[in-house]
Amino acid sequence: MSLAQHVASTEGADREWLEPLIESENVLRRVLSFDPLPPRQVEEQAEHIPAYKVSKVRRAIQVAITVLACWLASGIVFGFAALKPVLISEGVYREQCTREELKQNVEICMEQDIRLNFFFTLASITTNISALPVGAVLDRYGPRVCGILGSIFLATGSILMSYAFAIPEFDGYLIGNFFLALGGTFTFVPSFQMANAFPKYSGTIVALITGSFDASAAVFLFYRMAYEATNHVFTPSRFFLFYTIIPILILICQLTLLPSQSYDTVPQLDKKLEKARDETRDVHTSDEEISSDDELDRVREQRSIRRQKKLRKLDKLLGDESDRQERAEQELERQTKSAVWGALHGLPARKQMLTPWFILITLLTVLQMLRMNYFIATIRSQYEYMLGSEALAAEVNRLFDVALPVGGVICTPFIGLFLDNLSVPMVLAVIVALSTSIGILNSIPVLWAGYWTVFLFVLLRPLYYSAMSDYATKVFGFKTFGKVYGVIICLSGLVNLSQYVIDALTLETFHGDPTPVNVVLAAAGFGVGSVLVIFVWYQGKVVGIGEPDGCPDPERQPLIPRVWQEM
């Protein structure tokens with residue numbers, strides 16, 4: 001799963017302190033950008049359109065199509081645990097087995113298992129690292145270009161996978177899955193801009209899109225059910241050939257119904273609202289050329305009517321003054337509860353990445369991603385060894401196949417409430433506790449422990465990624481999000497290459513026993529996580545938003561004084 005694909009919000013405020021100990025602060029609303037190298041020239045960015053220029057019905061249809069597209073295409077590669085039994089049944093990479101293993105008629109041999117797990121590892125790495133170029137394309141060329149590229153990549157991946165199964169001599173599995181992962185990212189990341197179609201309901205739209213990403217893992221589950229129900233007649237070759245219909249439909253929607261440009265963000269709409277309220281804009285310098293007073297009054301009245309009409313549309317889109325005030329108060333309350341909001345806001349990205357805030361969260365993210373992807377890729381083989389039964393392992397695997405997408409969908413609406421009402425140190429403490437519990441349960445060779453491991457895993461997975469993006473916006477700020485989070489994404493993806501080594505270590509050195517790897521990864525995660533929680537909790541004591549009247553408490557000053565920012 002891409003880290004960039006679980007943002008808690010698409011726009012917010014960054015704190016920028018003007019002096020280290022002054023009694024006021026300047027808060028700027030910023031739009032979250034996934035571009036790691038944003039263009040300096042505004043002209044290089046894609047144009048936006050205000051949502052009020054598009055009918056409500058059309059915008060609702062666009063949101064529905066976006067959610068459906070994400071459900072069918074954005075994260076299907078993460079349903080690998082459901083697809084793996086099909087790959088084994090079809091003999092994918094069976095040629096990697098030794099003669100002895102073939103004589104023993106083992107269900108899956110060691111080298112075959114390693115290659116199949118790498119099949120998923122490559123897709124996971126692609127999803128993470130591709131978020132960087134996708135973010136750049138989105139910010140500079142808009143959602144339609146991303147959608148078209150996503151459709152092309154998805155269709156390419158589907159065709160390659162279909163031919164790989166149809167033609168034994170053609171090993172197109174890895175490259176086909178690579179394009180499926182790439183197309184999924186190009187489909188998903190631009191979807192967040194649809195939250196601006198209905199600014200008053202942006203949180204709900206973000207939750208729907210995020211839940212759709214988690215639910216997309218069920219695509220391979222539904223296929224495996226069809227594969228088994230038809231007694232293997234519905235072959236993977238046919239499935240992937242039929243699946244090309246999805247990117248074709250997405251492409252058609254991109255060219256006809258979906259917006260060619262991103263919708264205006266709330267900060268951009270706020271600027272339009274401010275201009276619409278300005279009555280002095282009814283008077284132009286060209287009015288001096290009008291000699292008739294009646295004509296002058298008529299022209300200015302028409303300008304006023306147009307301005308008032310635009311103002312009504314903006315009020316309807318954003319809500320009235322009381323609605324906006326309520327949202328501002330809720331945002332301030334959320335920032336206050338976080339305990340660390342604004343810790344490194346205003347500091348250049350390169351300096352942010354030299355602090356413990358960045359180093360510790362990066363180490364924890366690398367470890368958690370490695371653990372999660374290792375579990376997804378090897379859940380069945382892990383429990384075959386620990387439970388000593390293929391039937392029981394298959395039962396745990398089936399539970400996981402269903403729980404993974406369902407858990408993500410169910411948890412998503414509650415994650416926002418969780419992040420908004422708990423401090424960042426408390427959120428991190430809960431994550432470390434859940435992660436450690438999973439590590440302990442995943443090392444107990446009994447069936448009930450396997451069930452609880454699955455339940456806690458599908459809870460932790462969406463929570464972790466959402467919490468990390470929430471942490472990044474609160475600590476680092478929206479201005480540097482693309483650069484800072486981009487580095488975390490890249491490092492996490494690159495470190496996941498070591499999963500190939502871990503698979504080999506598990507199968508060769510430990511003879512299939514996953515316990516040593518699980519224990520080491522869980523212990524490392526607990527150690528790094530505990531240090532992070534203690535550090536953030538301590539630093540939270542000196543990071544504050546200030547008093548309601550705008551006068552910050554001298555004991556709650558920002559960690560980064562302005563003089564540091566100018567170094």
Modelled atom types, side-chain donor and acceptor of Asn373 and Ser124, under 3.5 Å: yes

Set of residues satisfying side chain to side chain donor-acceptor pair (under 3.5 Å) with respect to Tyr163, sequence neighbours excluded: none

Closest heavy-atom pair and its distance - Ser216, Gly75: OG-N, 2.9 Å

Mutual orientation of the aromatic rings belonging to Tyr223 and Phe240 [parallel < 30°, tilted 30-60°, perpendicular > 60°]: tilted

Parallel, tilted or perpendicular, as decided by the 30° and 60° cut-offs, for the rings of Trp452 and Phe455: perpendicular

Verdict with supporting geometry, Phe78 and Phe220, ring pair (Phe, Tyr, Trp, His ring centres under 6.0 Å): CA-CA 9 Å; Phe78 291 96; Phe220 284 156; over 10 Å; no

Residues which pass side-chain contact (heavy atoms from CB on, under 4.5 Å) with Pro413, listed by chain and number, not counting sequence neighbours: none

Closest approach of Thr187 to Gly150 (non-hydrogen atoms, all atoms of both residues): OG1-CA, 4.3 Å

Partners passing side chain to side chain donor-acceptor pair (under 3.5 Å) against Lys84 (at least two apart in sequence or in another chain): Asp113, Asn117

Leu208: side-chain contact (heavy atoms from CB on, under 4.5 Å) partners, not counting sequence neighbours: Val67, Thr204

Residue that, paired with Ile65, satisfies side chain to side chain contact (heavy atoms under 4.5 Å, CB included) out of Ile250, Leu258, Leu249: Leu258

Side-chain donor-acceptor pairs under 3.5 Å in residues 154-162, sequence neighbours left out?
residue, atom, partner, partner atom, Å
Thr156, OG1, Ile152, O, 2.7
Ser158, OG, Leu154, O, 2.9
Ser162, OG, Ser237, O, 2.9

Side-chain donor-acceptor pair present, Ser435, Gln368, cut-off under 3.5 Å: yes

By ring-ring contact (aromatic ring centres under 6.0 Å, His included) - contacts of Phe358 (at least two apart): none

Nearest non-hydrogen partners of Ala81 and Ile376, listed with the distance: CB-O, 3.7 Å

Aromatic ring proximity, centroids under 6.0 angstrom, Phe239 and Phe165: no

Residues forming a side-chain contact (heavy atoms from CB on, under 4.5 Å) with Ala51, sequence neighbours excluded: Arg59, Tyr263, Leu317

Qualifying residues under side chain to side chain donor-acceptor pair (under 3.5 Å), relative to Gln352, sequence neighbours excluded: Thr480

Donor-acceptor contact below 3.5 Å, side chain Thr473 vs main chain Asp470: yes

Under the side-chain contact (heavy atoms from CB on, under 4.5 Å) test, residues paired with Phe418 that sit two or more places apart: Leu422, Val427, Val430, Leu463

Set of ring-ring contact (aromatic ring centres under 6.0 Å, His included) partners for Phe375, sequence neighbours left out: Phe400, Phe457

Contacts of Tyr374 that satisfy side chain to side chain donor-acceptor pair (under 3.5 Å) - sequence neighbours left out: Thr506

Separation between CD of Gln193 and OG of Ser202, rounded to the nearest 0.5 Å: 12.5 Å

Heavy-atom closest pair, residues Ile205 and Met194: CD1-O, 3.9 Å

Flag if over 12 foreign heavy atoms under 6.0 Å of CZ, Arg238: no

Test salt bridge (charged side-chain N to carboxylate O under 4.0 Å, His left out) applied to Arg224 - qualifying residues, sequence neighbours left out: Glu228, Asp401

